[in-house]
Amino acid sequence: LAATQGFTPEAVAATLSAAWEAAHLTQVTAWEAQCLAKHKQQEEEDKNMCCIALQEAREEAAEKKAREKKKPKLAPFMDNVAIPNKVQLRPSQFALHKLEAIEYVELWYFTKDSCQEARRSQCATANDAYGITTNGPSDLMALKPVASFKASAKAIPDKDLTWRQMSTSKNCLLATMDRVGWPQQHLLLLALFFHKLNCSPWRDHKNGDRILILYQARAHQDWHEALRATDSNKALLKFNTLTVSALLT
């Protein structure tokens, strides 16, 4: 065919070589484009994987931080401090809630029997049940443990306490008030009140202890109610000026 058309072998070889070169160049170009596309796709996939890994790492760090916040905090301790020889009495959540809210609560809740009952009840029941209550003068709603609302069916009114119950429970009451943050001025006044009861000459009278028990029941409750009034100075004055003769009214 080449001889018929007058092509020399050299021309045919050159034509075939040029055709091969063109086809080869086309194939190389297509291959390079395919490789470049695959490379870009791989880069995009690697970039997406890095973003996903970074996001997962951030989420894991945030979850870990949230778990650390919810985890109970351990207080520091001194390794040279011995365990106390005397077990501290701890009143019920109900009594603590009352004191934190500056509300009156019966002295019975601070007796040894009541604290022991509260400890047995706390060990026997779950402490993760909550109820809704109002908090402070703004009446904002807040969650409180249900145990802080439940009064004891065994509670004894202050007026029916024995002298021993009154005189021993006031120590736990004062210690608990101090622990929940009552001002020292109020603690000192209440401590002085109980000291005056103990040293009162009425104790030498017939039924003197019983009279003083009735007196402290009224005076103590009146003082707490007056403390929640607008003028706290009147509450302190009222507590200081009450006399046993008030029982006759």
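One-based numbering along the sequence shown. Quantities reported herein were computed from a predicted structural model and do not represent experimental measurements.
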Report task. Determine the sole option in H186, Q184, R179, Q185 for which the side-chain contact (heavy atoms from CB on, under 4.5 Å) test with W182 is passed. Result -> H186

Distance-minimising heavy-atom pair for [X] and [Y]:
{"X": "P91", "Y": "A118", "result": "C-CB, 4.2 Å"}
{"X": "Q216", "Y": "L197", "result": "CB-CD1, 3.4 Å"}
{"X": "M166", "Y": "L107", "result": "CG-CD1, 3.9 Å"}
{"X": "Y104", "Y": "Q221", "result": "CD1-CA, 3.6 Å"}
{"X": "L161", "Y": "R210", "result": "O-NH1, 4.0 Å"}
{"X": "A95", "Y": "F110", "result": "CB-CZ, 4.0 Å"}

Query - Verify same cluster id: M177, L188 (apolar side-chain graph, 4.5 Å) - result: no

**Report entry** Sequence neighbours excluded - ring-ring contact (aromatic ring centres under 6.0 Å, His included) pairs with any residue from residues 15-68
**Finding:** W20-H24

So, [X] side chain and [Y] main chain: donor-acceptor pair closer than 3.5 Å or not?
{"X": "S114", "Y": "Y109", "answer": "yes"}
{"X": "S200", "Y": "K196", "answer": "no"}
{"X": "Q116", "Y": "D113", "answer": "no"}
{"X": "S167", "Y": "R164", "answer": "yes"}
{"X": "W223", "Y": "L190", "answer": "no"}
{"X": "D178", "Y": "L174", "answer": "no"}
{"X": "D209", "Y": "W163", "answer": "no"}

Report task. Output all residues satisfying salt bridge (charged side-chain N to carboxylate O under 4.0 Å, His left out) with E103, sequence neighbours left out; order by chain, then residue number. Result ->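 With neighbours one apart ignored, the set is K98.
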
Query raised in the report: Any chance CD of E43 has more than 12 other-residue heavy atoms, nucleotides or ligands included, within less than 6.0 Å?
Result: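 Above 12, so yes.
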
Report task. Check whether more than 12 heavy atoms from other residues, nucleotides or ligands sit under 6.0 Å from atom NE2 of H205, and answer yes or no. Result ->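 Enclosed: over 12 neighbouring heavy atoms sit under 6.0 Å from NE2 of H205.
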
Report task. To the nearest 0.5 Å, tell me how far S152 OG sits from E106 CD. Result ->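 Going from the OG atom of S152 to the CD atom of E106 covers 10.0 Å.
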
Requested in this report: Assign the ring pair H220 / F194 to parallel, tilted or perpendicular, where the plane angle (0 to 90°) is split at 30° and 60°.
Outcome: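 It falls in the perpendicular class, over 60°.
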
